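Scroll down for the structure; my scribbles are underneath it.
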Amino acid sequence: MRYRDIHPIIEKVRPYCLEAAGRLKRFPQWSLKTLSSLMTSVYILGALALLYMVGTIFPQGGDIGEYAKAGGKYVSFVRFFDLLDFFSSPVFLLSALLLLLNLVVCTYKRYGPLFAKRVFPNTFDPTHTFKLTHDYPEALPEVRRVLHEKLGFRLVSKDNEWIVMEKGLSCRWLTWLYHAGIVLCFFGLILSYLFAFEGEMTLKPRTPLIVAPSTTGRLASLYQKTAGPAGFSLYLDDFSTEYIQHPGLDYPKDKLSRLAIGLGWKGPEYSMKNDPMTPKDWRSRLRVIKGGSTVKEKTIEVNDPLRYGGYTFYQVGYEQTLRIRVDFNPIALETKADGDIIVPGLDTPLRFGTVMTGTLYRLDGAVEKILPFTTVKAVLTGPPGGKKTEDLGKLELGGSIIVDGRRVSLADYEESSVLSYRYDPGVAVLWWGGAFVLIAMCLRFYGRSYMVAYAVDESDRIVCLNLHIVSKGLMADTEKLAGRIGYYLTRDDIRPVPLPPL
Amino acid sequence: MKPPGPQRPLRFQNAKKRRGSTARASVLYTGDKTLLSEIFLHITAIVYLLATVIYSIYLFSRKDRFLPAAQWVFTAGFFFHTATVAARWIGAGRTPAASLHESLTFFSWITVALYLLILVKYRQRVLGAFVSPFALLLLITASLLPREIVPLAPALASYWLPVHVTLAFMGNAFFALAFFLGVMYIIQERYLKSRKLRGLYFILPSLEMLDELNYKCLQYGFPLLTLAIITGAIWSEYALGSYWLWRPRQIWSLITWFLYAALLHGRLTSGWRGRKAAMFSGAAFLILIGSFLAINLLSGGAHGLAK
């Protein structure tokens with residue numbers, strides 16, 4: 001093909017190419033402008049709200065096969081958009097990234113104007129006017145002195161005869177700070193997403209256990225399976241449970257009585273059968289051991305974790321091992337609480353409940369130590385897929401019951417503490433960001449800032465102070481400020497006479 | 001001997017199951033303070049009903065003498081409501097927000113309290129005609145739910161409870177007031193558009209005032225919602241091992257935050273005022289209250305941690 005053959009085509013395409021190149025050149029500027037626009041923020045926030053709604057409709061963490069089996073609809077759609085693991089899906093991550101970009105661009109665009117010259121946002125039309133008794137040359141510095149010294153205004157600018165002053169924290173700075181705070185929170189979230197990991201460990205009493213995570217963060221998992229030992233051990237001194245007495249509601253079976261209770265016509269009845277109690281708290285007395293010595297000690301409970309070496313250890317559960325003796329056999333059988341055990345010589349397995357031990361807080365204020373006891377049930381063969389149980393009674397520590405002629409006794413038990421650990425370097429960043437957001441947002445929304453433009457005019461030997469007050473923040477009150485200005489001018493013997501606005 | 005199968009350690013959830021089997025609906029405290037709170041609750045509901053009736057008479061008759069009367073009755077109801085909440089607080093020995101009954105009573109109380117503050121600051125008494133039936137509705141719903149004082153689940157026993165709950169309900173209450181102001185705006189605008197100046201037109205404030213107040217309520221509520229989300233995250237980090245667990249309550253609070261953030265951003269641009277803003281704040285509040293009720297009814301209150 002010769003050039004003259006393709007020349008007309010090139011000439012035809014050329015303007016489009018030039019236009020496309022121009023657009024491409026303008027693209028960074030356009031994208032910056034679009035991303036920093038308030039309307040883009042509105043659309044992104046609205047879209048995120050809708051996306052999150054979708055995320056709550058579908059069961060998270062489920063398996064697509066199970067979902068389809070259970071009669072779930074739109075299976076291919078659900079699979080394509082990963083709706084069962086929506087909060088880790090590309091759609092969600094992309095939308096979050098878009099929000100972050102919007103925030104970063106917005107924060108960046110707001111940074112420049114922070115140092116720009118302040119401009120009075122309105123026209124210089126007076127909203128309040130005072131007649132002054134001073135001469136014109138004296139009145140001007142006097143008004144400025146009152147605004148500066150008595151009311152704490154700072155000079156912003158002078159525009160011919162109009163002088164602009166301001167008071168309070170700068171809204172531009174506060175708005176920028178909480179935007180920057182949200183960006184910082186986002187970085188905390190990203191750190192958590194990339195580096196955080198968590199796991200569980202079971203601590204047996206008086207047996208040190210090296211903290212050796214079995215997992216690692218998302219990023220590190222690309223090149224290693226586990227995070228490696230943390231370099232210290234945990235030692236459980238003691239585990240205890242606190243119970244509170246807990247009467248049961250004797251709820252009536254007939255609907256009318258239930259309605260009567262619901263409407264308050266009839267008082268509910270309570271039952272204290274079998275001394276009911278409910279756990280109030282679980283406590284683990286822990287020691288951190290490093291290099292053979294204790295470096296930290298703490299009693300942790302549900303709302304009070306232990307923090308050490310970047311790790312946080314939470315009380316999440318407990319494990320009980322029961323030692324059961326049959327007849328007088330010196331070898332005890334071991335079982336976990338709420339687990340079934342086959343006892344030699346018995347046809348049916350037995351199930352030992354949780355050993356109730358610890359402190360009981362009674363409703364009458366009495367506090368007592370619970371004598372350790374468990375409940376014993378015979379596990380009968382029930383309907384397919386299920387088991388029926390039959391209560392055999394309560395079994396105290398050291399006590400025994402007779403089952404089918406065999407003496408079954410609770411010889412001993414051991415309580416281990418189940419801790420969850422989490423390593424999350426994003427938390428500190430997140431809290432710092434959160435603090436920025438909270439402080440700046442509260443000051444911006446609830447605080448008060450004023451900008452005053454004023455001019456002293458003289459006409460036919462009458463000297464007037466013309467004021468235009470602009471305020472921001474919910475606590476700002478322009479009328480109150482005007483009143484205060486009037487008060488200070490009066491007090492300093494300028495004797496202003498309020499006049500209606502021009 | 002057959003060895004026992006692999007067994008999982010006992011979780012606290014298991015402990016909760018055990019508790020559930022002991023008593024279907026649990027009760028801890030049945031002392032005088034609870035009874036006192038019950039009595040005050042019924043008195044409050046009756047007084048709010050009376051206030052609603054007087055407000056309705058005012059709305060239909062447009063006779064100004066009914067408005068102060070309704071206002072006084074409503075304020076009296078608030079005092080009984082305060083007594084209800086205080087008796088419950090003392091009786092339970094904690095913030096009364098561990099069950100849906102307590103939450104609704106507390107939310108209703110905060111809404112009325114903030115309405116009274118708005119009344120003092122902005123002098124819009126007719127707003128009471130919308131707030132009083134709402135408060136009454138919340139109390140009636142609360143009285144239909146189990147009213148026992150439930151023992152606090154270990155995860156809830158924290159000093160974050162009063163902080164988080166109070167901030168969240170204050171934010172919600174401001175959004176509720178913004179919702180009613182939006183409703184008033186739409187009604188007033190309808191009268192103006194139809195050019196039939198009758199009925200509520202002569203009672204409701206100007207469109208400008210309603211829009212301004214709606215915006216103020218959003219400005220009051222939004223930082224409170226943000227505070228509630230952040231304090232909730234801190235609490236979750238302490239109690240549950242992670243600051244964000246993607247639980248439905250957390251997600252829906254974030255959805256609400258996004259919606260109100262979008263609304264506030266929209267208001268900063270020129271287009272989102274008046275009717276558009278009123279409709280948006282109404283929709284956002286309906287999503288907020290709907291998700292709050294649905295999640296708490298399904299999970300048994302306190303984001304499912306009370307169970």
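Protein chains get the first letters and strands the later ones, always in sequence-line order, with residue 1 at the start of each. What you are looking at is a predicted structure, and each value in this text was computed from that prediction instead of being measured.
Residue B:Trp244: no heavy atom, backbone or side chain, is found under 4.5 Å from chain A. Proximity to chain A is limited to the side chain of B:Ile287, based on heavy atoms less than 4.5 angstrom apart. Looking at A:Ile44, there are no atoms closer than 4.5 Å to chain B (heavy atoms on both sides), in backbone or side chain. Only the side chain of A:Ile182 comes within contact range of chain B, judged by heavy atoms closer than 4.5 Å. In this structure, the portion of B:Trp252 lying under 4.5 Å from any heavy atom of chain A is its side chain and not its backbone. No part of A:Ser420 comes within reach of chain B, as not one of its non-hydrogen atoms sits under 4.5 angstrom from that chain. Interface residue B:Ser242: backbone and side-chain heavy atoms are both found under 4.5 Å from chain A. Heavy atoms of A:Leu50 lying under 4.5 Å from chain B are absent altogether.
Other residues, nucleotides and ligands contribute more than 12 heavy atoms inside 6.0 Å of the OH atom of B:Tyr122. When the shell of 6.0 Å around CZ of B:Phe258 is examined, it contains more than 12 heavy atoms from other residues, nucleotides or ligands. Atom NZ of A:Lys377 has 12 or fewer neighbouring heavy atoms from other residues, nucleotides or ligands inside a 6.0 Å radius. Around the CE atom of B:Met279, the shell of radius 6.0 Å holds no more than 12 heavy atoms that belong to other residues, nucleotides or ligands. Heavy atoms of other residues, nucleotides or ligands lying less than 6.0 angstrom from NZ of A:Lys480 number 12 at most. A 6.0 Å sphere centred on OH of A:Tyr311 holds more than 12 heavy atoms belonging to other residues, nucleotides or ligands.
Inter-residue side-chain proximity for A:Val437 and B:Thr226 is flagged as met; some heavy-atom pair is nearer than 4.5 Å. The shortest side-chain heavy-atom distance between A:Val302 and B:Tyr238 does not fall under the 4.5 Å cut-off. A 4.5 Å side-chain heavy-atom check between B:Thr256 and A:Tyr52 finds every atom pair outside the cut-off.
Of the inter-residue distances, the one linking B:Ile251 atom CD1 with A:Phe87 atom CZ reads 3.5 Å to the nearest 0.5 angstrom. For the atom pair CG (A:Asp85) and CH2 (B:Trp246), the distance works out to 11.5 Å, reported to the nearest 0.5 Å. Rounded to the nearest 0.5 angstrom, A:Asp477 CG and B:Lys121 NZ are separated by 6.0 Å. In this structure, CD1 on B:Ile230 lies 5.5 Å from SG on A:Cys185, to the nearest 0.5 angstrom. Separation of atoms CZ (A:Arg422) and CG (B:Leu240) is listed at 11.5 Å; rounding is to 0.5 Å.
Applying the salt bridge (Lys or Arg N to Asp or Glu O under 4.0 Å) rule to pairs touching residues 430-441 of chain A yields nothing, sequence neighbours excluded.
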Can you check side chain to side chain contact (heavy atoms under 4.5 Å, CB included) on B:Glu237 and A:Tyr314, steps first, answer last?
CA-CA 10 Å; B:Glu237 213 263 326; A:Tyr314 300 90; 3.1 Å; yes
Is there a side chain to side chain contact (heavy atoms under 4.5 Å, CB included) between B:Phe280 and A:Val42 once you walk through the steps?
CA-CA 12 Å; B:Phe280 201 114; A:Val42 173; 5.6 Å; no
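Scanning residues 214-224 of chain B against chain A with a 4.5 Å non-hydrogen threshold yields B:Lys216, B:Gln219, B:Tyr220, B:Phe222, B:Pro223, B:Leu224, sorted by number.
For chain B, the option among A:Pro305, A:Pro349, A:Gly434, A:Gly353 with the highest count of heavy-atom pairs below 4.5 Å is A:Pro305.
Side-chain atoms of A:Asn303 and B:Trp235 form a donor-acceptor pair, as typed in the model, at a separation below 3.5 Å. Using a 3.5 Å distance cut-off with no hydrogens or angles, the side chains of A:Ser192 and B:Tyr243 do pair a donor with an acceptor.
Nearest approach of A:Leu45 to B:Ala262, heavy atoms of both residues: CD1-N, 3.6 Å.
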